[in-house]
Amino acid sequence: DTSSINFEGWHLAILRSGQNEHERAFWMSYDTGRRHGHVNGLSIGLFARGLDLLPDFGYLPVHRGGWSGPHVDWYKSSAAHNTVIIDGQNQALDTEGQTGLWQIDDGVQMMKVCAPAMYGIQRYERTCVMIDIDEEHFYIVDLFEVESLPWTGPGGCKDHTFFLRGPESTITTTGLELEESKPYGHGTQMRNHRIHDNVAPGWSVTWKHAHADVNLRYTGLSEGMSVGTAESWVSAGKWTYEDLWIPTLKVTGQGDSSTFVGVIDVFGDAPIVENVETSVSEDGVDVHVTLTNGLERTTRVPSLNQDV
């Protein structure tokens, strides 16, 4: 069965579409681990074109120092996953989100999960929409909203950081003038940090797969964010001592609330998505996409606990 499914008991939602070599699956995990689990609430992943394009780090590198230590702590940490971190702190253990929206229509599929208990705050929720362009092509609208009052953790909850990691790859950027910056810290294992503060919407980061003619692109649509890149450490295999450094996107908002809006698309030689813009309405966030063939599409993503 290749239909979309939401395993609410397991807190795993999967959007699927396409057939045969064009099958794709976009997933969201919405609980945090216990003894052997990771604190990866609202982390996302994507399988497309036969590849894992937003991979999780996978099994803990216990061969690099046993069941405790910096390598294992890094793999388990919230910052090692494709989610949003508050003040550099891990999400709370043994918490879960609730499905706020699950709407599966032909060509447009939407899921929304609300998980404020992960940080004990007013709003911590993610809405993702997978839109089919044709049998082969698609894109994903990603909306992550954080409202951090009444957070009482260290630092006063003034820092919300969105992380996204593609596959083993090289990256290119558009709309960014990156300069060397200080490390993120908080026990993370990242290097080569660069940043551009107060970036205008419309910038993008593209991961070019190291072993296939496939590109993954994230186009950022949020106002006034600091956008940075880095490299994240992973072990190259379960029992190897070879290191890999994965290109990493990090987007930071400051204050009591942040809204991260972006579009993810996948392509070979050339993208089919030409331009992306956004606007805010009373009903949510409208994402306007122009394709290379001139066609335009608008997706309304319900925001701030609004229903469709």
Side-chain angles (χ1 to χ4, degrees), residues 4-15 25-34 37-47 52-57 75-103 109-130 140-148 151 153 157 159-166 186 188 218 220-222 225 232 248-253 257-264 284-285 301-306:
S4 297
I5 190 166
N6 184 11
F7 296 101
E8 293 189 273
W10 293 348
H11 306 106
L12 176 66
I14 308 171
L15 303 179
F26 179 79
W27 59 263
M28 187 194 308
S29 174
Y30 56 97
D31 65 0
T32 57
R34 297 175 178 88
H38 298 191
V39 275
N40 62 337
L42 305 194
S43 187
I44 58 172
L46 173 65
F47 291 85
D52 189 354
L53 295 177
L54 288 174
D56 188 270
F57 286 179
Y75 264 52
K76 286 184 174 181
S77 71
S78 300
H81 294 86
N82 294 325
T83 188
V84 169
I85 313 306
I86 295 180
D87 286 344
Q89 305 299 305
N90 282 331
Q91 300 159 345
L93 289 171
D94 198 11
T95 58
E96 59 191 49
Q98 300 295 324
T99 304
L101 175 65
W102 178 258
Q103 182 171 316
Q109 304 181 72
M110 185 181 305
M111 59 181 173
K112 176 179 181 177
V113 176
C114 307
M118 291 180 181
Y119 279 108
I121 57 176
Q122 184 174 354
R123 176 170 293 112
Y124 187 75
E125 57 193 47
R126 191 168 206 162
T127 307
C128 299
V129 189
M130 185 161 70
I140 294 160
V141 177
D142 181 35
L143 171 67
F144 205 128
E145 298 172 284
V146 179
E147 190 168 335
S148 53
W151 173 252
C157 195
D159 183 293
H160 313 137
T161 302
F162 169 102
F163 285 102
L164 195 70
R165 296 173 178 88
H186 304 290
T188 58
Y218 180 92
L221 301 171
S222 300
M225 298 288 186
S232 297
T248 301
L249 168 66
K250 52 189 180 76
V251 185
T252 301
S257 63
S258 297
T259 300
F260 301 91
V261 188
V263 169
I264 299 168
V285 177
V301 184
S303 174
L304 302 177
N305 285 332
Q306 296 164 335

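Small disclaimer: the values here were computed from a predicted structure and weren't measured.
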How many angstroms lie between [atom1] in [X] and [atom2] in [Y], if you round to the nearest 0.5 Å?
| X | Y | atom1 | atom2 | answer |
| --- | --- | --- | --- | --- |
| E147 | Q122 | CD | CD | 4.0 Å |
| Y75 | S232 | OH | OG | 10.5 Å |
| D142 | T127 | CG | OG1 | 8.5 Å |
| M28 | C128 | CE | SG | 4.0 Å |
| E96 | H11 | CD | NE2 | 3.5 Å |
| T259 | H160 | OG1 | NE2 | 10.0 Å |

Taking the side chain as every heavy atom from C-beta outward, state whether [X] and [Y] have any atom pair closer than 4.5 Å.
| X | Y | answer |
| --- | --- | --- |
| S4 | W102 | yes |
| Q109 | V129 | no |
| L164 | T248 | no |

Sequence neighbours left out, what passes side-chain contact (heavy atoms from CB on, under 4.5 Å) with A80? Give chain and number order.
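Partners of A80 by the side-chain contact (heavy atoms from CB on, under 4.5 Å) criterion, ordered by chain and then number, come out as F57, W74, S77.
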Do you know which two heavy atoms are closest between [X] and [Y], and how far apart they sit?
| X | Y | value |
| --- | --- | --- |
| A92 | A117 | CB-O, 4.1 Å |
| I14 | W27 | CG1-CB, 4.1 Å |
| C114 | P116 | C-CD, 3.5 Å |
| L53 | P55 | C-CD, 3.4 Å |
| I86 | Y119 | N-OH, 3.4 Å |
| S148 | S257 | OG-N, 4.4 Å |

For [X], all residues meeting side-chain hydrogen bond (donor to acceptor under 3.5 Å, both in side chains), sequence neighbours excluded:
| X | result |
| --- | --- |
| T83 | Y124 |
| D94 | R34 |
| T32 | T95 |

Is it the case that the side chain of [X] and the backbone of [Y] share a donor-acceptor pair, with hydrogens and angles ignored and the cut-off at 3.5 Å?
| X | Y | result |
| --- | --- | --- |
| R126 | L42 | yes |
| Q89 | D87 | yes |
| Q91 | G41 | yes |
| S78 | V39 | yes |
| T161 | V251 | no |

Show, in sequence, the C-alpha distance, side-chain angles and deciding distance for L46 and I140, and conclude whether the side-chain contact (heavy atoms from CB on, under 4.5 Å) test is met.
CA-CA 10 Å; L46 173 65; I140 294 160; 4.1 Å; yes
Go through the steps to decide whether F163 and I85 satisfy the test side-chain contact (heavy atoms from CB on, under 4.5 Å), and finish with yes or no.
CA-CA 8 Å; F163 285 102; I85 313 306; 3.7 Å; yes
The criterion is ring-ring contact (aromatic ring centres under 6.0 Å, His included); which residues satisfy it with Y218, sequence neighbours excluded?
F162, W203
Check: N6/Y30 side-chain N/O donor and acceptor closer than 3.5 Å
yes
Distance only, no hydrogens: is a donor on one side chain within 3.5 Å (strictly under) of an acceptor on the other, for S43 and S29?
no
Please, which pairs that meet salt bridge (charged side-chain N to carboxylate O under 4.0 Å, His left out) have at least one residue in residues 5-14, sequence neighbours excluded?
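Listed once each, the pairs would be none.
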Give the C-alpha distance, both sets of side-chain angles, the deciding distance and a yes or no for side-chain contact (heavy atoms from CB on, under 4.5 Å) between R165 and N82.
CA-CA 7 Å; R165 296 173 178 88; N82 294 325; 3.9 Å; yes
Using the side-chain contact (heavy atoms from CB on, under 4.5 Å) rule, take H81 and D56 through it: C-alpha gap first, then chi angles, then the decisive distance, then the call.
CA-CA 7 Å; H81 294 86; D56 188 270; 3.0 Å; yes
